[in-house]
There are 2 protein chains.
Amino acid sequence: MTIKRGPGRPKDEAKGSAILDAGWALFLERGVGAVSIEAIAARANVSKMTVYKHFTDKHALFEEAVLREMRAIEAMQIDEAVGAADDLEGTLHMFGVGIMSYLATGPAIDFYNVLAGELRRHPDVAQTFYRIGPARTIERLSAILMGAGDRLAIDDPSRAAEALFGLWQGASNLQLSLGIDTGTAEAAIAERVDYGIAVFMRAFARTAP
Amino acid sequence: MTIKRGPGRPKDEAKGSAILDAGWALFLERGVGAVSIEAIAARANVSKMTVYKHFTDKHALFEEAVLREMRAIEAMQIDEAVGAADDLEGTLHMFGVGIMSYLATGPAIDFYNVLAGELRRHPDVAQTFYRIGPARTIERLSAILMGAGDRLAIDDPSRAAEALFGLWQGASNLQLSLGIDTGTAEAAIAERVDYGIAVFMRAFARTAP
DNA sequence: CGAATCATGGACGGTTCCGTATAGTATTTG
DNA sequence: CAAATACTATACGGAACCGTCCATGATTCG
């Protein structure tokens with residue numbers, strides 16, 4: 001699908017991207033409300049007029065920036081699903097470490113915190129993020145659990161998936177979001193994930209026939 | 001401990017409180033960065049000078065407002081610990097419903113979201129909040145679990161407490177924080193808490209001797 | 001009462017920002 | 001080339017804020 005092009009000089013997409021970069025960086029640094037269009041233009045090495053040509057509003061600019069970050073997250077999820085071990089514990093381990101490592105990442109924390117802070121003013125964006133982010137994670141986890149009926153006794157897979165996700169999370173969501181220096185090391189994450197899997201298996205393992 | 005008083009007209013504490021009220025309300029509405037001192041003064045029906053006399057800075061005003069909210073939370077936690085059932089499941093049920101109901105509350109969500117959004121600019125406040133909030137919750141839960149050694153086989157109580165808290169949370173933290181319309185009804189919360197307790201007990205219950 | 005301190009409204013100079021306008025240059029299509 | 005559009009630079013009027021100063025009145029202490 002090629003872009004329709006009329007006469008005249010085309011928009012420089014690199015500049016649009018630079019504006020979004022600059023905007024996102026400033027949103028993190030100063031907070032969305034404290035960022036001016038002029039500051040964004042300066043940071044992007046672009047005339048203020050160019051910013052107004054690309055985005056009608058700071059609102060619109062913010063939403064575009066968020067959507068771009070979301071697309072990146074979506075792409076990561078697809079890649080993430082590639083590796084799969086042959087036994088259930090191994091599959092869950094890879095899945096859990098993958099998602100928890102990502103959640104401990106700086107950009108992920110920033111993204112989530114900014115979105116939380118702007119919930120009141122951008123509720124729609126937050127909701128679409130939930131759909132393509134956390135909701136899909138739960139769904140995929142649920143699918144894994146459903147495929148392991150021989151080892152697990154689960155009534156409500158979606159609920160069980162949330163339970164496992166909760167076990168993995170513990171209170172780390174709060175720690176990460178509030179900047180507590182928790183063991184963000186990969187080893188600690190793996191250990192935490194395995195602990196959650198162990199607890200989960202004890203609770204849901206099918207008793208020997 | 002009475003307040004030391006020199007000569008002259010004393011500060012009107014009611015006005016200081018009104019300023020904090022107005023500030024907090026505006027922080028929620030518009031986002032911290034977008035709120036001006038003048039707007040706060042107007043909302044509090046107070047002169048701008050009065051605001052500057054009470055608080056040196058918007059920064060200071062914000063931190064004061066957050067601390068005041070935190071004190072309220074602290075007070076709630078003390079009250080919360082009063083009721084205790086006679087059996088373990090009942091105690092956990094009360095504890096879980098209490099904390100999860102609070103977390104589903106509008107003010108709690110707002111508080112958390114604002115704090116998350118301002119993490120970069122107020123890291124100290126976020127950390128002290130974690131200490132007197134979530135950290136204490138985990139500690140108290142851990143204490144309950146430790147006191148039930150006859151029914152539970154637990155190596156690391158703190159870790160187990162986090163697991164149980166995670167089971168209660170599931171993905172609700174994300175849903176609440178992102179404004180997803182999850183069943184915030186008291187009945188649904190109770191059911192969710194009981195589900196978490198059931199899973200937890202299956203995983204940690206001491207096997208019959 | 002007199003001194004000290006605070007509250008208040010008004011006003012200020014200075015800054016930042018908004019959103020638009022203008023003029024000139026660059027780039028692309030037909 | 002001509003038309004159309006994008007980009008830069010600059011400027012502008014208007015608005016919002018900032019942080020402070022002032023004059024006035026209120027309140028309390030000694």
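Order of the sequence lines fixes the chain letters, A, B, ..., with proteins taken first and strands second; residue numbering starts at 1 for each chain. Below, each value reflects all heavy atoms present in this structure, side chains not excepted, and no hydrogens, waters or symmetry copies.
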*Return the angle between end axes of the helix from C:dC1-D:dG30 to C:dG30-D:dC1, with five pairs used per end and rounding to 10°.*
20°
*asked:* B:Phe204: which residues meet the ring-ring contact (aromatic ring centres under 6.0 Å, His included) condition with it, sequence neighbours left out?
replied: B:Phe200
*Derivation and outcome, side-chain contact (heavy atoms from CB on, under 4.5 Å), residues A:Glu69 and A:Val66*: CA-CA 5 Å; A:Glu69 297 280 320; A:Val66 172; 5.7 Å; no
Residues 32-46 of chain B side chain polar contacts: donor-acceptor under 3.5 Å, at least two apart:
from	atom 1	to	atom 2	distance (Å)
B:Ser36	OG	B:Ala39	N	3.1
B:Glu38	OE2	B:Lys48	NZ	2.9
B:Arg43	NH1	B:Glu29	OE2	3.4
B:Arg43	NH2	B:Glu29	OE2	2.7

*Step by step, would you call B:Tyr112 with B:Leu176 a side-chain contact (heavy atoms from CB on, under 4.5 Å)?*
CA-CA 10 Å; B:Tyr112 175 73; B:Leu176 292 169; over 6 Å; no
*B:Ala203: partners by side chain to side chain contact (heavy atoms under 4.5 Å, CB included), with sequence neighbours left out*: A:Val199, A:Arg202, A:Ala203
*Between A:Lys11 (NZ) and D:dT5 (C1'), how many Å, whole number?*
10 Å
*Set of residues satisfying side chain to side chain contact (heavy atoms under 4.5 Å, CB included) with respect to A:Ala190, sequence neighbours excluded*: A:His93, A:Val97
*Which value, rounded to the nearest 0.5 Å, describes the distance between A:Arg159 atom CZ and A:Ile138 atom CD1?*
13.0 Å
*Specify the separation, in whole Å, of atom CD of A:Glu13 and atom C1' of D:dT5.*
14 Å
_Stretch residues 51-60 of chain B: residues that reach within less than 4.0 Å of DNA chain C through a heavy atom_ = B:Lys53, B:His54
*Kindly give the heavy-atom pair with the smallest separation between A:Asp155 and A:Pro157, and that separation in Å.*
O-CD, 3.3 Å
*Quick one: what's the B/S/- string for nucleotides 8-16 of chain D, heavy-atom cutoff under 4.0 Å, read 5' to 3'?*
BB-------
*At their closest point, which heavy atom of A:Trp168 faces which heavy atom of A:Arg192, and how far apart are they?*
O-CD, 3.3 Å
Exercise answer: donor-acceptor pairs, residues 16-26 of chain A side-chain atoms, under 3.5 Å, sequence neighbours excluded:
from	atom 1	to	atom 2	distance (Å)
A:Ser17	OG	A:Arg68	NH1	3.4
A:Asp21	OD1	A:Arg68	NH1	3.0
A:Asp21	OD1	A:Arg68	NH2	2.8

*Check side chain to side chain contact (heavy atoms under 4.5 Å, CB included) between A:Glu63 and all other residues, then give those that pass, not counting sequence neighbours.*
A:His59, A:His122, A:Asp124, A:Val125
Could you run down the sub-3.5 Å N/O contacts of the protein with nucleotides 27-30 of chain C?
from	atom 1	to	atom 2	distance (Å)
C:dT27	O2	A:Arg9	N	3.4
C:dT28	O2	A:Gly8	N	3.3
C:dT29	OP1	A:Arg5	NH2	3.0

*Could you give all pairs that pass the salt bridge (Lys or Arg N to Asp or Glu O under 4.0 Å) test and reach residues 95-107 of chain B, with sequence neighbours left out?*
none
*Pairs meeting criterion salt bridge (Lys or Arg N to Asp or Glu O under 4.0 Å) with involvement of residues 95-104 of chain A, two or more places apart*: none
